[in-house]
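These notes are about the structure you will find just below.
Sequential numbering from 1 along the given sequence is applied to the chain's residues.
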Amino acid sequence: MICHGDADTHIPVEKAVAIMEELRNRQTDFQFISYANAKHAFTEIKFVNSDMPGIGYDEKASRRSWNQALHHLDEILRGKE
């Protein structure tokens, strides 16, 4: 599971597409989730007031990615696919 902020200037969309292609080539079962307007490090509350370009906490994206991670782990651990 890859959670990516679509406003992340540190991991441009071309690199995201490349990693998905690599995972497909390896026949990996993966999820790629993109969060609107979320920057790099969107789950790190210490970056709530970051003045670094392309880096910032995003409460909504953080909450959504955490919930998705819990669901993903539940699916894996319980064998639900």
Side-chain angles (χ1 to χ4, degrees):
M1 185 178 106
I2 300 168
C3 296
H4 183 261
D6 79 342
D8 183 341
T9 57
H10 297 268
I11 310 292
V13 70
E14 296 81 14
K15 285 189 178 182
V17 169
I19 191 66
M20 287 188 283
E21 183 64 28
E22 177 68 23
L23 292 169
R24 276 192 293 278
N25 288 340
R26 293 175 184 245
Q27 299 180 344
T28 303
D29 181 21
F30 71 94
Q31 296 178 47
F32 185 96
I33 305 159
S34 182
Y35 295 95
N37 306 307
K39 299 176 182 180
H40 193 77
F42 66 83
T43 62
E44 296 287 339
I45 198 164
K46 66 184 176 185
F47 294 119
V48 70
N49 293 315
S50 175
D51 59 353
M52 292 182 280
I55 294 177
Y57 175 71
D58 185 302
E59 183 179 4
K60 185 188 291 186
S62 181
R63 184 179 63 251
R64 287 176 172 175
S65 68
W66 176 250
N67 289 332
Q68 188 60 37
L70 293 175
H71 176 76
H72 184 71
L73 289 171
D74 183 61
E75 179 181 286
I76 290 169
L77 295 173
R78 294 176 190 247
K80 299 176 189 174
E81 292 189 29

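- Interatomic distance, CD of Gln31 versus CD of Glu75, reported as 6.0 Å (0.5 Å rounding).
- Paired with His72 under the rule side chain to side chain contact (heavy atoms under 4.5 Å, CB included), one option of Leu70, Asp74, Ile76 passes, and it is Ile76.
- For the atom pair Ser50 OG and Glu44 CD, the distance stands at 11.5 Å (nearest 0.5 Å).
- We find the CZ-CG distance between Arg24 and Asp29 to be 12.5 Å, quoted to the nearest 0.5 Å.
- Shortest non-hydrogen contact noted between Thr9 and Gly54 is OG1-CA, 3.4 Å.
- Residues Ser62 and Thr43 share a closest heavy-atom pair of OG-CA, 3.7 Å.
- Rounding to the nearest 0.5 Å gives a distance of 9.0 Å between OG1 of Thr28 and CD1 of Ile19.
- The number of heavy atoms from other shown groups lying within 6.0 Å of CZ (Arg26) does not exceed 12.
- For the atom pair CG (Asn25) and CD (Glu21), the distance works out to 4.5 Å, reported to the nearest 0.5 Å.
- Nearest heavy atoms, Phe42 versus His4: CE2-C, 4.0 Å.
- Residue Trp66 is not grouped with residue Ile33 when hydrophobic side chains (ILVMFWY) are merged at heavy-atom distances under 4.5 angstrom, including chains of intermediate members.
- No donor-acceptor pair closer than 3.5 Å links the side chain of His40 to the backbone N or O of Pro53.
- Cluster membership for Tyr35 and Met20, using ILVMFWY side-chain heavy atoms within less than 4.5 angstrom, is not shared.
- Note: Ile2 CD1 to Phe32 CZ = 6.0 Å, rounded to the nearest 0.5 Å.
- Asp6 contributes a side-chain N or O that, together with a main-chain N or O of Asn37, makes up a donor-acceptor pair within less than 3.5 Å.
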